[in-house]
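First up is the structure itself, then whatever we jot down about it.
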There are 2 protein chains.
Amino acid sequence: MSSQNATVRQPQREKGRLRVAALLDAAQQVFAEDGFDAATMTAIAARAGASIGSLYQYFPTKEHVADAVLARYAEALYQRMQALQDASPEWRIDQLASELFPTLIRFRADHPAFGGLAESERGPALQATGIRKHMRRYVAEILRPHAPGMDTEQLEAMAAVVLQTMKTAVALTNEIDLPHRPAVLAQLQQMLALYLAAQLPAST
Amino acid sequence: MSSQNATVRQPQREKGRLRVAALLDAAQQVFAEDGFDAATMTAIAARAGASIGSLYQYFPTKEHVADAVLARYAEALYQRMQALQDASPEWRIDQLASELFPTLIRFRADHPAFGGLAESERGPALQATGIRKHMRRYVAEILRPHAPGMDTEQLEAMAAVVLQTMKTAVALTNEIDLPHRPAVLAQLQQMLALYLAAQLPAST
DNA sequence: GCATTTTGTGAGGACATCCTCATATACTCC
DNA sequence: GGAGTATATGAGGATGTCCTCACAAAATGC
């Protein structure tokens, strides 16, 4: 499916690769500030110091831009998840939980456009739903060594709870006028630990 | 601040009130299906069986329509919260929790446009942020009789956790491909109960 | 029935956005 | 230097949406 329209190009020279990178950086910022719907191609091109024509030379559509941004994010995200999955068998479950928590919060803080793009139903559906599924799988696989005999369906249900709780934590992080924020986040984390402990047998 | 533009009218006759009600019903549906940004005034008017001019006679702006819809929702929501607050001193905290949970889930199920309108930063900001604050206050007041001596800031922080957990539950309810959904929701509820028990002294 | 007020209508102006295309510039390789 | 390719440009077409406005219809009171 790597067919490309005649007017859409892959960068062939260093200059092109730099431009694409600049365009994606700009898109990242604009999406983060305005969200997918309100972001405009003109604004993205302008912030990258390029013309609209240049933007459309590499991305045939606003959705394609968003998908490219998400693909970039996904790569970074999957790396961190893979590291956690590799380490999973050797760690205790509560250690995993208290590692996963700040990992995802930091990721969301470092990639402010991610939430708006990944959670919106409208817009870049291509990558977005795929990312959600991948993340559920990763978390399920991280949990698996600590839940011997549990089937994949149950694991993925638990993973959904874990991920949604993470999303909750991110939402709280961004909430204005919230007193005792660090304490609240700590309580959320503890709440999640209690949940995991209740669902999994005693860890080694 | 009840100043109104010359071209914007309050309904004076029964016919007008009916039309406004029909318009709000239609807006509810369209917002629920398309979200605030993608919803169009033309679609709202059409679904209400009215003309665009008629719509603009009562609502000067799309935001005003959304705000009116939210105001309607808020009224229904505050009623239920007030009932819980009134009953709070006489109930045990775990009873309150297991009442609050389905109450909010049912509310969201009955008012499918609520989430999209209340949670979006862009769009109807007028009502949306106000509703969030009101809800925090309600939950804080519901918790207060069971947390003697706890100051308002701490109560509102707990309320934020409770509300965000509710949002998690709603998100899980709407998640497709989630196996064991009822069991998962029950677990979430139990998780919240554990959290509350840990934060509050033993109830009477 | 007639005057007044409220309600209803839909064509179209103003504006913004996505995207195209013909053309110009920069680069590479011989 | 010149041919060939990749990159750059921005005016403008197509489209869609918000909202206005001049006027028509209906309801009310007398």
Side-chain angles (χ1 to χ4, degrees), chain A residues 4-27 30-31 33-69 117 120 122-126, chain B residues 4-27 30-31 33-69 117 120 122-126:
Chain A
Q4 59 240 26
N5 191 313
T7 67
V8 177
R9 297 189 178 169
Q10 296 301 110
Q12 307 287 340
R13 317 227 250 245
E14 190 57 18
K15 196 182 182 185
R17 250 156 289 162
L18 286 176
R19 173 121 290 178
V20 168
L23 286 170
L24 286 180
D25 286 342
V30 175
F31 282 138
E33 289 169 13
D34 301 343
F36 177 78
D37 281 328
T40 79
M41 295 296 263
T42 322
I44 293 172
R47 183 162 313 200
S51 63
I52 325 157
S54 207
L55 174 53
Y56 276 98
Q57 209 156 32
Y58 297 107
F59 303 98
T61 274
K62 190 162 80 160
E63 287 202 4
H64 281 78
V65 181
D67 270 330
V69 170
L117 294 180
S120 83
R122 305 179 36 73
L126 323 175
Chain B
Q4 58 240 26
N5 191 313
T7 66
V8 177
R9 298 191 180 168
Q10 298 299 111
Q12 307 286 339
R13 313 226 254 246
E14 190 58 19
K15 197 183 183 187
R17 250 156 289 164
L18 286 176
R19 173 122 290 180
V20 167
L23 287 169
L24 287 180
D25 286 342
V30 175
F31 282 138
E33 288 168 16
D34 301 343
F36 178 78
D37 281 328
T40 80
M41 295 295 265
T42 322
I44 292 172
R47 181 159 316 196
S51 63
I52 325 156
S54 206
L55 175 53
Y56 277 97
Q57 208 156 34
Y58 297 108
F59 303 98
T61 277
K62 190 162 77 159
E63 286 201 3
H64 281 78
V65 181
D67 270 331
V69 171
L117 294 180
S120 84
R122 303 179 38 75
L126 322 175

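Values reported hereafter were calculated over all heavy atoms of this structure, with side chains retained and with hydrogens, waters and symmetry mates removed. In what follows, chains carry the letters A, B, and so on, assigned in the order in which the sequence lines appear, proteins first and then strands, with residues in each chain numbered from 1.
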Tell me: [atom1] of [X] to [atom2] of [N], nearest whole Å?
X: A:Phe36; N: C:dC18; atom1: CZ; atom2: C1'; value: 11 Å
X: B:Met41; N: C:dG12; atom1: CE; atom2: P; value: 21 Å
X: B:Leu18; N: C:dT6; atom1: CG; atom2: C1'; value: 14 Å
X: A:Leu55; N: D:dG10; atom1: CG; atom2: P; value: 14 Å
X: A:Arg19; N: D:dA6; atom1: CZ; atom2: P; value: 17 Å

Open item on the list: I want to verify a distance call: between D:dA8, C:dG8, C:dC19, whose nearest atom is closest to the A:Lys62 side chain?
Closed with: C:dC19
Expected rows: protein N/O vs nucleotides 21-30 of chain C N/O, under 3.5 Å:
unit_1, atom_1, unit_2, atom_2, d
C:dC27, O2, A:Arg13, NH2, 3.2

If you define the side chain from C-beta out and look only at heavy atoms, does anything of [X] sit under 4.5 Å from [Y]?
X: A:Arg13; Y: A:Arg19; answer: no
X: A:Gln10; Y: A:Tyr58; answer: no
X: A:Leu24; Y: A:Phe59; answer: yes
X: A:Val8; Y: A:Gln57; answer: no
X: A:Leu23; Y: A:Val65; answer: no

Identify whether any heavy atom of [X] sits under 4.0 Å from a base atom; if not, whether one sits that close to sugar-phosphate; answer base, sugar-phosphate or nothing.
X: A:Phe59; answer: nothing
X: A:Ala39; answer: sugar-phosphate
X: A:Gln12; answer: sugar-phosphate

Task: Phosphate contact (D:dC18 OP1 or OP2) by B:Thr61 side-chain N/O below 4.0 Å - done: no
Task: Any N/O donor-acceptor pair, A:Gln57 side-chain to D:dA6 base, under 3.5 Å - done: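 No, the side chain and the base share no sub-3.5 Å donor-acceptor pair.
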- [ ] Could you tell me the separation between the CG atom of A:Asp34 and the CD1 atom of A:Ile44, rounded to the nearest 0.5 Å?
- [x]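 A:Asp34 atom CG to A:Ile44 atom CD1 measures 9.0 Å (nearest 0.5 Å).
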TODO: Working to the nearest 0.5 Å, report the span between CG of A:Asp25 and CZ of A:Arg47.
DONE: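 The CZ atom of A:Arg47 is 11.0 Å from CG of A:Asp25, to the nearest 0.5 Å.
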TODO: Take B:Pro11 and A:Ile52, find for each the nucleotide of DNA chain C with the closest heavy atom, and name the residue whose nucleotide sits nearer the 5' end.
DONE: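 Its nearest nucleotide lies further toward 5', so the answer is B:Pro11.
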Expected rows: protein N/O vs nucleotides 13-16 of chain D N/O, under 3.5 Å:
none

- [ ] Using modelled atom types only, decide if a donor and an acceptor are shared between the side chain of B:Thr61 and the backbone of B:His64 within a distance under 3.5 Å.
- [x]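 Not a single qualifying donor-acceptor pair exists.
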Task: Side-chain donor/acceptor of A:Arg17 to backbone N/O of A:Gln12, under 3.5 Å - done: yes
